[in-house]
Amino acid sequence: MKLPLFIAIRYLFARKSHNVINVISAISAAGMAIGTAALILILSIYNGLDSVVRSGMGRMEPDLLIEPSVGKTMPFSDSLLARLSAFDGVASVEPVLDETVFADYEGVQSVARIKGVYERYFKSVYMEDCIVEGTLALRKGSLDLAVLGRGIASSLGASPRFLSGIDLFFPRTDREISLTDPLSSLNTARLFPSAVVSVNNVFDPQYIMMSFDAASRLLGMSGDECSALELRLDTASTGPYGSRGYKKAISQIGVQVSGILGDGFDVKTREQQNETLYRMLRAEKVMIFVILSFVIIVIAFNIFGSLSMLIMEKSDDIGTFTALGAREKTVKRIFVFEGWLISLLGLAAGLVIGCALALLQQHFGLIKMPGNYIVTAYPAILEVSDIVVSAVCIGLVGYVVALLPVRSFFKRLFEKND
């Protein structure tokens, strides 16, 4: 062990002649511990909330979305779907139709978005736990059915319990709008609600799911056109969303898809589909970390006071070290290590406490959320990256704060001796 560090450890645990130095040092270490624990716990809870948001959004978002670069529709075929489905790690490839329409239900009108899908879509996207009422179905005999988001169902006053149908209208593209008979310029479709679902705050207020064939007729399209292709991965083979295996698979499949489709198509990952949302989530986490770091910096300045008092108390020892031939740099290191050790003790205690609290919340949900939410307790996910970044940053803060009083006092001390 180097001599400056050895002496600093002796100073740290030795009794000081002025008890107030012990008190301030203890307060400094305790403050660093509380600040560190709060930082770890809050970041973990933010990770949990972030995960809830992403999982809610990710239920309807495909892992890869293939869209036309120009225009609203793109052609597809069974052979294309088969080629895309043959890639390793791909669980399903589903064509969808997505468009804005006008909806009327018993005289109540609203603008809505339709999503035309095949019945097998519900095997790729598990929505059973999202059902508020009814049964997931898009067709019953000759009747076209609809699955409504909770918000749009509430706006229209529609329910699977009622026998009335929802009328959808969309402008025809093969003729001019008739001023004498406007309805002849519109394609119409009547759907009967089969289920109301609650997925997320994007889907619920506006979406009506219907069969792909009914959506094609409403939009005046042929059966081999779609708005996009939704490609989903088999997480059992690639790993969960965000894992190393998932990212590798997404990268490889994206390149393969682009190779097959060529130019004129955009292949978007989940983050690219909601770039603004995910950028905002990352920015919020950075801002939370910065704000809490400033709080820890303020707490760390208690070390400035205790170290300043310690240097004044040990002025005779400083003279003895100098007389024995110790260089100024060596003497400085003693007190820098002393201040840094105070912050590191607080850091270590804070990491242990913060990680323990985060893990308890993550596994047992001790702190409950008020009100009615998707989750009953504050979600928490402890990430190693948060621990490492927090430890490095707080350690650097402690070192800088320990360095400031040492430089200031020793500059005046050695100028006085000269």
Side-chain angles (χ1 to χ4, degrees), residues 1-2 4-46 287-318 321 331-361 366-367 382 386-413:
M1 183 182 297
K2 293 184 179 180
L5 179 59
F6 175 78
I7 298 175
I9 294 174
R10 292 294 300 270
Y11 278 166
L12 179 64
F13 295 104
R15 293 176 60 86
K16 282 77 173 177
S17 58
H18 299 286
N19 190 54
V20 68
I21 301 177
N22 289 326
V23 174
I24 296 176
S25 298
I27 292 174
S28 302
M32 293 292 287
I34 293 172
T36 302
L39 179 61
I40 295 296
L41 183 59
I42 292 175
L43 287 178
S44 298
I45 291 176
Y46 177 84
M287 289 306 300
I288 289 172
F289 182 84
V290 170
I291 292 171
L292 292 176
S293 295
F294 274 115
V295 173
I296 292 175
I297 290 172
V298 173
I299 295 172
F301 270 95
N302 285 321
I303 299 173
F304 188 101
S306 63
L307 194 56
S308 300
M309 296 179 66
L310 179 65
I311 293 173
M312 288 188 290
E313 181 188 310
K314 300 299 182 181
S315 57
D316 291 341
D317 291 358
I318 294 172
F321 293 145
V331 179
K332 282 183 178 180
R333 283 182 177 177
I334 295 173
F335 295 97
V336 171
F337 282 140
E338 168 80 6
W340 199 20
L341 285 171
I342 294 173
S343 66
L344 291 180
L345 284 175
L347 170 62
L351 288 176
V352 172
I353 295 171
C355 291
L357 292 175
L359 289 173
L360 287 172
Q361 183 65 23
L366 301 179
I367 305 176
L382 183 63
D386 291 338
I387 299 174
V388 173
V389 172
S390 299
V392 171
C393 291
I394 296 172
L396 288 175
V397 167
Y399 181 78
V400 172
V401 171
L403 195 62
L404 293 177
V406 173
R407 284 191 170 184
S408 175
F409 276 84
F410 272 80
K411 182 178 180 181
R412 285 181 290 172
L413 181 64

Can you name the nearest heavy-atom pair linking A349 to A33, along with the distance?
CB-CB, 4.0 Å

Roughly how far apart are L357 CG and I42 CD1, rounded to 0.5 Å?
11.5 Å

Nearest atoms (heavy-atom pairs only) where V397 meets A300
CG1-CB, 3.9 Å

Are any side-chain N or O atoms of E338 and backbone N or O atoms of L307, one a donor and one an acceptor, separated by less than 3.5 Å?
no

Applying side chain to side chain contact (heavy atoms under 4.5 Å, CB included), run through I40 and L382 and close with a yes or a no.
CA-CA 8 Å; I40 295 296; L382 183 63; 3.8 Å; yes

Would you call the rings of F304 and F301 parallel, tilted or perpendicular if under 30° counts as parallel and over 60° as perpendicular?
tilted

Write down the atom of W340, the atom of Y399, and the distance for their closest heavy-atom approach.
CD1-N, 3.4 Å

Could you walk me through whether L351 and I394 pass side chain to side chain contact (heavy atoms under 4.5 Å, CB included), step by step?
CA-CA 11 Å; L351 288 176; I394 296 172; over 6 Å; no

Distance check, rounded to the nearest 0.5 Å: I353 atom CD1 versus T36 atom OG1?
9.5 Å

Check L347 against M32 and note the closest heavy-atom contact, atom names and distance.
N-CB, 4.5 Å

Only distances under 3.5 Å count here; give the side-chain donor-acceptor pairs of residues 287-299 to other protein atoms, sequence neighbours excluded, each with its distance to 0.1 Å.
unit_1, atom_1, unit_2, atom_2, d
S293, OG, F289, O, 2.7

Nearest heavy-atom neighbours spanning S343 and I303
CB-CD1, 3.6 Å

Steps toward side chain to side chain contact (heavy atoms under 4.5 Å, CB included) verdict (L341, L5):
CA-CA 9 Å; L341 285 171; L5 179 59; 4.2 Å; yes

Nearest heavy-atom neighbours spanning N302 and S28
CB-OG, 3.1 Å

